[in-house]
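Quick notes on the structure that follows.
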Amino acid sequence: MAGRNGASDERGRLATDPFDYRIAKDGAVLVSRGGRVVTTVGGREAMRLGAALQRADEEQAQHLLARATGNYRRGNERR
């Protein structure tokens, strides 16, 4: 079942293997999982993502990071 804004984690993967992020000095958001950087978001999108992550709770942050990586896109999420 989809949560708010179409976010879904039916298999619980975000809870058992969560994403981590770091905001670099240049404003880029480095998204990692399992100790490896999986994607880097830069520019305006990084500014938006960073601001959204600051406001989000842990569950919302995991969904934002998953969406940023593109690994969980099923075609119905909005960017």
Side-chain angles (χ1 to χ4, degrees):
M1 178 169 209
R4 191 168 77 177
N5 296 328
S8 172
D9 184 27
E10 293 176 1
R11 289 183 267 168
R13 292 192 60 200
L14 296 178
T16 59
D17 189 16
F19 286 99
D20 193 20
Y21 73 95
R22 182 171 62 89
I23 300 177
K25 289 181 183 179
D26 65 355
V29 178
L30 288 86
V31 181
S32 59
R33 190 173 205 182
R36 292 184 173 186
V37 174
V38 292
T39 193
T40 302
V41 181
R44 286 185 179 160
E45 188 63 29
M47 290 176 22
R48 280 188 233 127
L49 178 60
L53 287 168
Q54 297 298 325
R55 293 188 307 266
D57 64 18
E58 184 61 31
E59 183 179 351
Q60 292 170 338
Q62 288 301 310
H63 286 288
L64 288 169
L65 294 169
R67 197 170 293 144
T69 65
N71 291 338
Y72 297 93
R73 188 164 296 136
R74 298 289 182 251
N76 60 352
E77 293 89 354
R78 294 182 182 200
R79 286 186 173 214

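Val37 belongs to a hydrophobic cluster whose other members, connected by ILVMFWY side-chain contacts under 4.5 Å either directly or through intermediates, are Leu30.
Transitive grouping of hydrophobic side chains (ILVMFWY, heavy atoms separated by less than 4.5 Å) brings Leu65 and Ile23 into a common cluster. Placement of Leu53 and Val31 within a single hydrophobic cluster is found when ILVMFWY residues are connected by side-chain heavy-atom separations under 4.5 Å, directly or transitively. Note: the hydrophobic cluster containing Val41 does not contain Met47 (ILVMFWY, side chain heavy atoms under 4.5 Å, direct or indirect links).
The distance from the CZ atom of Arg44 to the CG atom of Leu49 is 16.0 Å, given to the nearest 0.5 Å. Atom CZ of Arg67 is separated from atom NE2 of His63 by 8.0 Å, given to the nearest 0.5 angstrom. Separating the OH atom in Tyr21 from the OG atom in Ser32 is a distance of 11.5 Å, to the nearest 0.5 Å.
Counting all heavy atoms, side chain and backbone alike, Ala61 lies closest to Ala56 at N-CB, 3.8 Å. When all heavy atoms of Ala28 and Ala46 are compared, the closest pair comes out as CA-CB, 4.1 Å.
Residue pairs meeting the side chain to side chain donor-acceptor pair (under 3.5 Å) criterion with at least one member in residues 49-58, sequence neighbours excluded, are Glu58-Gln62.
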